[in-house]
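All values below come from the heavy atoms of this structure, side chains included, with hydrogens, waters and symmetry mates left out. In this chain, numbering begins with 1 at the start of the sequence shown. Not measured: the values here are computed from a predicted model.
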Amino acid sequence: MAYNHYILTCSGTACESNKSAEIFAQLNAEAEKLGVKGEVQIVKTGCFGFCERGPIIKVLPEDSFYVDVKPEDAHEIIAEQILKGREVKRLLYKDEARKTTNTIEDIQFYQKQFRVVLRNCGVIDPESIDEYIAREGYSGLEKVLFEWTPEQLIEEMKVSGLRGRGGAGFPTWMKWDFCRKAQGETKYVICNADEGDPGAYMDRSTIEGDPHSIIEGMITAGRAIGSHHGFIYIRAEYPLAIERLKIALQQAQDYGLLGKNILGSGFDFEIEIRLGAGAFVCGEETALIKSVEGSRGMPVPKPPFPANKGLWQLPTIINNVETIANVPVITAKGGQWLAKIGTEKSKGTKVFALTGKVKNSGLVEVPMGTTLREIIFEIGGGIKGGKKFKGVQTGGPSGGILTEKSLDLPIDFETLVANGSMMGSGGMIVMDEDDCVVDVSRFYMDFCVDESCGKCSPCRIGTTQILNILEKITKGDGEEADLDKLKAIGSAMTKASLCMLGCTAANPTMSTLLNFRDEYLEHIRDKKCRSGKCKKLITFSIDPVKCVGCAACAKKCPAGCITVEDSSKYPDKKRPPYIINQAACIKCGECMKTCKFSSILKG
């Protein structure tokens, strides 16, 4: 059925948590109520990427891009745009100069992006296989099944230059070729959707917005290596992604695109979903394999590598969601098409979850070679509140913190590693002058202590020791000799840990020691945290001159540590000032928030 209008409603997890399901229901109700149900199709899509301004609605064919939409806006959208043909101006995106932007192409957030992995997110209904097929979905699979041999397919992957997007950047074609040549009739394909970095949601959003691309990519990988069975390993914390995967798997089965004798080609391929419990270490391939097998997720020494001995000791390839989502594009458009994007050694695009102290947080996909400055200050719009940029964490707990001197470096696998960080799966957390790098390092190490499986002593003991030293420094009890200890322990962990969790856990600490040594010394020598994040190093006091004796701070103080001064000390004041008992102060800052006279001093 043809419609006059299409309303695309973001239904990714972020927007769903912000009432997009209610918006969708209300739009349908208003269309019914105003008698235009036959003129407009209202569609749930995946993430548009511009999460800072969600929920987002896009109306076609006008290409109207509405932001910060609320359920109560549904009536006006239907009544004005659908019924009368007039855009709802107040919902259109406005830039910082308050200039209204009518279409998505005019929004700075999107202008330097190039969507390959996210090509269908925010465009199609992720629960409709027909919409996926209409956008060249499964067209590459036809070549894979009927035109190319496995060797030709792997050669096409080689031409594309695609490297694993899970962090290591290993050439995808090479991993597939190793597995294809491995001994054994039974082989497996595993999609790693365990994404566990703090602040990262690239893989989850890809599945929520385009699950069929994962299915097509896995079938293609199976054909390349001679596998007939695949597993999607996804954490149970992603219910929406899991539900859409289940729907997509059933649809593919019903269309003859999955299962026995796919499209009459004689090739069989099945896919099962395996739910993980959210252990970060299960992002490591050998730990993931153990979890799929039903054992505790703990890494094992390599070699042998999974391509030779993986799941149930049989040849196995493991690729993450983003890597697999690239595959259908390569088979449909050809490897040379992707190879033209990016840099000489890092082809294609990279998806980042841009979060932290940036104005426009969201899901970003850019060509390899794009600079950090372009992502943070052009796509991201710069730092919130006019604050000064301090650093950016790439690669999650495994990466490092890069400073202003690295902003103009091209983003690729080698460049990030050479500058003390790494690509990782794609988390990118921006920090401003109010962030304390010592506290940030402590946070990431605390995360790694919790997530370490404890199997090897360099990681089990090393993460705990580094955390203890960092906590000591944040409390003002550190010594300069502690900095040498941090380096020594971090170096030992990097060299001796069993898996990449332990080998990279010290990266945030090592990079901040290199780039922000003065801040560590400030904590140690001056017992001061310039950002005010380390509570033990903060003091709140009251300026007796500015204090008017209103008692607002004393009433708000949860510790009851603010009392009135002796009035005899201030005979000239109508009401005596208040004083903070430093021994009882819990450093919550409520007094500063409450005071209307700027009499609370923070030091």
* **Trace of the ring-ring contact (aromatic ring centres under 6.0 Å, His included) decision for F109 with Y93** => CA-CA 11 Å; F109 179 81; Y93 173 77; 9.1 Å; no
* Mark yes when over 12 heavy atoms from residues, nucleotides or ligands other than K94 sit less than 6.0 Å from its NZ; otherwise mark no. => yes
* Asked: For residues D412 and T415, is any side-chain donor paired with an opposing acceptor at under 3.5 Å?
  -> yes
* **Row check, F352 ring normal vs K350 NZ/CZ: under 6.0 Å, within 45°** => yes
* Would you kindly say whether N320 and T323 are connected by a side-chain donor-acceptor distance under 3.5 Å? => yes
* With a 3.5 Å cut-off and no angle check, do the side chains of T394 and S421 form a donor-acceptor pair? -> yes
* Asked: Do you see a donor-acceptor pair shorter than 3.5 Å between the side chains of Y578 and T563?
  -> no
* Asked: Under 6.0 Å from the NZ atom of K302, do we count more than 12 heavy atoms belonging to anything else shown?
  -> yes
* Answer with yes or no whether the side chains of E404 and S406 bring together a donor and an acceptor at under 3.5 Å. => no
* To do: Compute whether any side-chain donor of one residue and acceptor of the other, for E208 and T13, lie under 3.5 angstrom apart.
  => yes
* Can a donor-acceptor pair be found between the side chains of T509 and Y520 at a distance below 3.5 Å? -> no
* Asked: Should the pair K357-D435 be classified as a salt bridge under the 4.0 Å nitrogen-to-oxygen rule?
  -> yes
* **Shortest non-hydrogen separation from T463 to C448 and the atoms involved** => CG2-CB, 4.3 Å
* For atom NZ of K472, decide whether the heavy atoms of other residues, nucleotides or ligands shown that lie under 6.0 angstrom number more than 12. => yes
* Asked: Would the number of heavy atoms belonging to other residues, nucleotides or ligands and lying under 6.0 Å from NZ of K528 be above 12?
  -> no
* Would you find more than 12 non-hydrogen atoms of other residues, nucleotides or ligands less than 6.0 Å from K487 atom NZ? -> no
* Side-chain donor-acceptor contact under 3.5 Å, E16 with S11 -> no
